[in-house]
Amino acid sequence: MNTSSLPRIAVLATGGTIAGQAGDASKTAGYKAGVVGVDKLLDAVPALDSVARIHAEQIASIDSKDMSAALWTALATRIDELLAQGDIDGVVVTHGTDTLEETAYLLHLTVKSAKPVVLTAAMRPSTALSADGPLNLLNAVTVAASKDAAGKGVLVAFNNQIHSARDVTKTSTYAVDAFRSPETGVLGFVQDGRVEFQRTVVRPHTVASEFSVSSQWPMVEIVASYADVSRVAVDALVAAGVRGIVVAGTGNGSMHAALMQALADAVSHGVAVVRASRVGSGHVMRNGAANDDALGSVSAGTLNPYKARVLLMLALASGVEDLQRVFDVY
Ligand code: SIN
């Protein structure tokens with residue numbers, strides 16, 4: 001086979017369970033994430049040779065629970081550099097599942113290229129019986145090598161499904177079909193070399209996004225509302241100089257009266273407050289379960305609290321004044 005005509009895909013490894021290692025092949029929980037190098041991950045998938053020419057880089061070797069804003073900046077910057085090269089047709093990022101949805105949305109809003117960027121991961125370590133990483137990696141490269149994937153923003157290829165970075169979320173602590181796009185469903189599927197999209201992505205992203213990664217990330221934190229919650233966490237955050245707070249509210253972004261009073265006080269100190277929901281699907285309507293006009297808050301719409309935090313960080317870093325506009329648009 002003449003492979004010189006195959007697309008050239010950069011695989012950037014950051015760690016995660018896909019690069020995890022256990023002492024016993026029967027173990028799918030007791031293992032160390034982010035220890036197996038990218039070359040070994042690629043060697044486990046000989047079928048890649050007939051899909052793409054691979055350029056591999058080890059960007060990090062972490063458990064994604066330890067993802068940092070500094071690593072986001074490094075990753076997004078490297079992706080932009082690679083995609084600006086004429087000889088790179090797409091990028092695959094291998095990542096842990098735990099914060100994959102946050103990194104994916106961050107990249108969706110900051111990468112400055114229409115070429116495909118596809119994140120993938122695994123629920124079982126590379127040493128496990130029935131490890132899911134090798135097929136997920138093959139499928140992610142297959143999607144990144146597909147012309148149909150261009151212009152759709154950052155994608156997540158996982159368990160034969162293709163999700164939009166904006167919509168996808170992890171929904172299981174152990175199952176190999178751990179990812180869902182609750183309000184919107186999958187974008188398409190990838191199976192046996194075939195990539196098929198069933199819907200498109202309508203909100204702006206990548207080249208149409210007004211955001212760029214920052215080297216100066218504002219402090220933005222998440223607090224939750226629950227029975228008998230106190231105002232202690234909000235007051236401590238305000239005292240620590242927080243710039244923004246996302247509240248993971250009950251139901252349609254409602255919150256305990258004590259938390260609401262603390263957040264009203266935070267707003268009066270210049271802190272941006274965004275109302276999201278802890279429910280896991282649905283949307284938070286402006287002036288619905290709480291009066292945003294009176295509180296001075298913003299509703300997160302269909303973004304979960306973790307993605308709302310990503311957008312709020314980007315918006316504050318770029319000096320956006322009308323925060324509700326960006327939550328309505330992105
Ligand atoms: C991680 O997020 O790095 C560990 C868990 C996983 O990848 O499933």
Side-chain angles (χ1 to χ4, degrees), residues 11-42 44-45 56-76 78-79 91-108 117-141 143-144 154-163 165-182 186 190 222 280 304-307 309-310:
V11 175
L12 307 186
T14 67
T17 293
I18 192 168
Q21 197 166 36
D24 175 343
S26 67
K27 292 273 182 266
T28 56
Y31 61 89
K32 188 158 170 40
V35 291
V36 178
V38 64
D39 292 340
K40 213 164 160 194
L41 297 186
L42 294 166
V45 195
E57 293 184 17
Q58 191 78 43
I59 301 289
S61 299
I62 63 162
D63 185 318
S64 79
K65 70 180 174 55
D66 297 323
M67 180 54 66
S68 66
L71 184 48
W72 276 347
T73 302
L75 181 62
R78 187 61 189 137
I79 290 172
V91 166
V92 166
V93 178
T94 61
H95 199 286
T97 60
D98 287 343
T99 58
L100 181 144
E101 66 200 70
E102 295 166 59
T103 300
Y105 189 46
L106 183 281
L107 296 174
H108 188 67
V117 177
V118 184
L119 275 72
T120 196
M123 289 298 285
R124 294 176 179 158
S126 67
T127 47
L129 295 170
S130 299
D132 51 333
L135 185 58
N136 284 345
L137 179 55
L138 178 63
N139 283 338
V141 172
V143 174
V154 172
L155 304 171
V156 173
F158 200 89
N159 199 40
N160 293 109
Q161 296 179 327
I162 307 168
H163 296 263
R166 186 189 187 278
D167 302 325
V168 72
T169 188
K170 184 175 176 179
T171 61
S172 173
T173 57
Y174 69 95
V176 291
D177 64 340
F179 285 87
R180 296 262 188 281
S181 294
V186 298
V190 48
I222 300 173
N304 71 27
Y306 316 103
K307 294 190 192 210
R309 175 176 177 266
V310 168

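The residues of the chain are indexed from 1 along the displayed sequence. All ligand and atom numbering here is 1-based and tracks the order in the structure. In this text, all values refer to a predicted model and were calculated from it rather than measured experimentally. Reckoned from all heavy atoms, side chains included, excluding hydrogens, waters and symmetry mates.
Within the structure, the closest approach of G20 to ligand 1 does not fall below 4.0 Å when heavy atoms are considered.
At a 4.0 Å heavy-atom cut-off, ligand 1 touches A122 through the backbone alone.
Contact atoms of ligand 1 toward D98: 1 (C), 2 (O), 4 (C), 5 (C) (distance under 4.0 Å to a heavy atom of the residue). Each of the atoms 4 (C), 5 (C), 6 (C), 7 (O), 8 (O) of ligand 1 lies under 4.0 Å from some heavy atom of T17.
In this structure, V45 and V141 have side chains that are not in contact, with every pair of non-hydrogen atoms separated by 4.5 Å or more. By the 4.5 Å heavy-atom criterion applied to side chains, L41 and V11 are not counted as neighbours.
Counting only heavy atoms of the protein, atom 3 (O) of ligand 1 lies nearest to S64 N, 2.6 Å. In terms of protein heavy-atom proximity, atom 8 (O) of ligand 1 is closest to T97 OG1, 2.5 Å.
Within the structure, every pair that satisfies the side-chain hydrogen bond (donor to acceptor under 3.5 Å, both in side chains) test and touches residues 29-40, not counting sequence neighbours, is listed here: T17-Y31.
One side chain, E101 or T169, offers a donor N or O that lies under 3.5 Å from an acceptor on the other.
Scanning all heavy atoms of the two residues, the minimum distance from M123 to A175 falls at CG-O, 3.2 Å.
Of the residues D167, V186, L100, the one that meets the side chain to side chain contact (heavy atoms under 4.5 Å, CB included) test with F179 is L100.
For ligand 1, the polar-atom distance check finds no N/O of Y31 at less than 3.5 Å from any of the ligand's N/O atoms.
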